[in-house]
There are 2 protein chains.
Amino acid sequence: MATERPDLAAMLYPLVRDLIALELPVLAAHNVSMWGYSVLTALDDTPVRTQAALAEAIGADKSRIIGTLDELQQAGLIERTPDPADRRARLLSITPQGRKIRRTVRKEIQAQEEQVLTTLAPADRKTFVRILQELHASR
Amino acid sequence: MATERPDLAAMLYPLVRDLIALELPVLAAHNVSMWGYSVLTALDDTPVRTQAALAEAIGADKSRIIGTLDELQQAGLIERTPDPADRRARLLSITPQGRKIRRTVRKEIQAQEEQVLTTLAPADRKTFVRILQELHASR
DNA sequence: GCCTATCGTAAGCGTCAGCATATGATTGCG
DNA sequence: CGCAATCATATGCTGACGCTTACGATAGGC
């Protein structure tokens with residue numbers, strides 16, 4: 001029973017901090033904000049949805065996400081078409097260009113991430129990512 | 001080569017979010033702020049130091065940490081004594097009471113944390129914590 | 001057909017973080 | 001001695017976030 005360890009959050013937070021610091025330059029290079037990237041990711045993984053649902057999915061505020069969507073739309077990375085079935089709602093979808101950018105950015109980000117894991121043994125590195133994926137999938 | 005996975009940050013961030021949500025009630029129950037707990041932890045692990053160094057150690061702003069120190073001092077959880085060798089500096093130390101609170105809080109927090117990990121197989125749970133500790137130690 | 005709920009949008013609120021700057025006490029170098 | 005550096009502290013700025021309220025358009029139950 002190893003009670004003598006730092007809290008999970010105390011260990012994870014600096015890690016996330018580092019990761020974000022690595023991500024920012026990549027995002028900036030592609031003119032995408034963190035929220036923007038978050039939106040692209042969500043839309044690429046699970047296409048259509050309503051804005052409120054999208055906001056909740058990425059843990060953002062319904063009203064604060066609008067500016068982000070405006071930018072993305074103006075940049076041609078997403079489309080916002082009125083739902084013919086319910087004209088209150090806007091169907092959100094990622095454009096081919098948006099998909100392309102999202103995947104490029106992801107590739108670059110994941111390359112950066114390796115830096116953070118370099119101190120780990122290769123086996124541990126794989127295990128860590130695997131367990132993390134499980135944790136993430138089970139939310 | 002499993003390129004098809006979410007970014008580390010995308011998986012870690014919600015996790016940290018959840019963890020913090022679990023921590024807040026515990027901290028509130030003991031009248032300690034997040035920063036305060038962070039300070040107590042740092043001081044308990046590595047006793048004396050100067051305020052600027054402490055601030056940097058916990059990733060806080062040098063000036064924004066002062067209010068936290070004031071509160072902790074007033075609550076009798078830390079001591080701020082002028083360094084006799086350099087009267088500009090204040091030697092920071094945790095009091096027995098502060099140490100007691102810190103350890104109580106940590107115990108309760110770590111109990112909460114288990115909830116987040118319940119979806120993992122027991123073996124994975126241990127492995128995850130172990131790797132995380134390695135990552136944390138190698139910073 | 002009405003009333004309530006939902007959706008996107010806009011605006012305002014208080015909070016908090018990071019950043020910069022200023023000041024007063026003190027130190028240490030030259 | 002005197003000057004630059006260091007430390008704790010105070011303060012103000014800016015930007016982000018979460019939360020709340022309001023509003024117009026629209027749907028859907030009754």
Side-chain angles (χ1 to χ4, degrees), chain A residues 9-10 13-14 16-21 23-25 27-28 31-39 42-43 47-74 78-93, chain B residues 9-10 13-14 16-25 27-28 31-39 42-43 48-74 78-93:
Chain A
Y13 198 74
V16 171
R17 223 186 174 83
D18 287 359
L19 286 168
I20 291 182
E23 289 190 10
L24 286 179
L27 291 171
N31 285 308
V32 187
S33 71
M34 192 84 74
W35 286 119
Y37 178 59
S38 191
V39 167
L43 286 184
V48 286
R49 270 222 233 71
T50 166
Q51 286 188 198
L54 172 68
E56 206 216 322
I58 65 176
D61 191 90
K62 179 182 57 169
S63 48
R64 288 289 159 188
I65 199 188
I66 297 179
T68 306
L69 294 179
D70 288 347
E71 290 170 20
L72 289 174
Q73 187 180 21
Q74 218 165 357
I78 66 167
E79 268 178 354
R80 239 191 310 196
T81 46
D83 184 345
D86 181 346
R87 300 222 303 281
R88 291 172 304 181
R90 309 295 176 90
L91 293 181
L92 298 172
S93 57
Chain B
Y13 198 75
V16 171
R17 223 185 173 82
D18 287 358
L19 286 169
I20 291 182
L22 288 176
E23 288 190 12
L24 286 179
L27 292 170
N31 285 308
V32 187
S33 71
M34 191 83 77
W35 285 119
Y37 179 60
S38 191
V39 167
L43 286 183
V48 286
R49 268 221 233 74
T50 167
Q51 286 188 198
L54 172 68
E56 207 216 323
I58 64 175
D61 191 88
K62 180 182 52 170
S63 49
R64 290 288 160 189
I65 200 188
I66 297 179
T68 306
L69 294 179
D70 289 346
E71 290 170 20
L72 290 175
Q73 188 180 20
Q74 219 164 357
I78 66 167
E79 266 179 355
R80 239 189 313 195
T81 46
D83 185 344
D86 181 346
R87 300 220 303 281
R88 291 170 304 181
R90 311 292 176 90
L91 292 181
L92 297 172
S93 58

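Everything quoted here is computed from the prediction, not taken from an experiment. Throughout, protein chains are lettered first and strands after them, A, B, ... in sequence-line order, and every chain is numbered starting at 1.
Using modelled atom types, no side-chain atom of A:Arg90 and backbone atom of A:Glu79 make a donor-acceptor pair closer than 3.5 Å. With hydrogens and angles disregarded, no donor-acceptor distance shorter than 3.5 Å links the side chain of B:Thr50 to the backbone of B:Ala53.
Summarising the geometry, the separation between CD1 on B:Ile66 and C1' on D:dC7 is reported as 10 Å, rounded to the nearest angstrom. The nearest whole Å value for the distance from the CG atom in A:Leu54 to the C1' atom in C:dT9 is 15 Å. Taking atom CD on A:Glu56 and atom P on D:dC17, their separation rounds to 18 Å, with Å as the unit. Atom CD1 of B:Ile65 and atom C1' of C:dG18 are 14 Å apart (whole Å). Atoms CG (B:Asp70) and C1' (D:dA10) sit 11 Å apart, rounded to a whole Å. Summarising the geometry, the separation between CG on A:Leu69 and C1' on C:dG8 is reported as 10 Å, rounded to the nearest angstrom. What separates CD of A:Glu79 from P of C:dG8 is a distance of 16 Å, to the nearest Å. When the P atom of D:dC7 is taken as reference, atom CG of B:Leu91 falls 13 Å away, rounded to whole Å.
If you take CG on B:Leu22 and CG on B:Asp18, they are separated by 7.0 Å, rounding to the nearest 0.5 Å. Remark: B:Ile20 CD1 to B:Met34 CE distance equals 4.5 Å, nearest 0.5 Å. The structure places CD of A:Gln51 at 10.0 Å from CG of A:Leu91, a figure rounded to the nearest 0.5 Å. For the atom pair CG of A:Leu19 and CD of A:Glu23, the computed distance is 6.5 Å after rounding to the nearest 0.5 Å. If you take CZ on B:Arg87 and CG on B:Asp83, they are separated by 10.5 Å, rounding to the nearest 0.5 Å.
Of the candidates C:dC7, C:dT9, D:dT9, the closest approach to any side-chain atom of B:Lys62 belongs to D:dT9.
Annotation: salt bridge (Lys or Arg N to Asp or Glu O under 4.0 Å) contacts of A:Asp86 (sequence neighbours excluded): A:Arg88.
Contact annotation for B:Gly59: backbone-only contact, meaning every heavy-atom pair under 4.0 Å involves sugar-phosphate atoms and none involves a base.
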Could you list, one pair per line, each protein nitrogen or oxygen that sits under 3.5 Å from a nitrogen or oxygen of nucleotides 11-17 of chain C, together with the distance?
residue, atom, partner, partner atom, Å
C:dG12, O6, A:Arg64, NH2, 2.4
C:dA17, OP1, B:Trp35, NE1, 2.6

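The side-chain contact (heavy atoms from CB on, under 4.5 Å) with B:Val39 is formed by just one residue from the set B:Leu92, B:Val32, B:Leu54; it is B:Leu54.
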| note | Whether each nucleotide of nucleotides 25-30 of chain D has a protein heavy atom under 4.0 Å at its base (B), only at its sugar-phosphate (S) or at neither (-) is summarised, 5' to 3', as BBS---
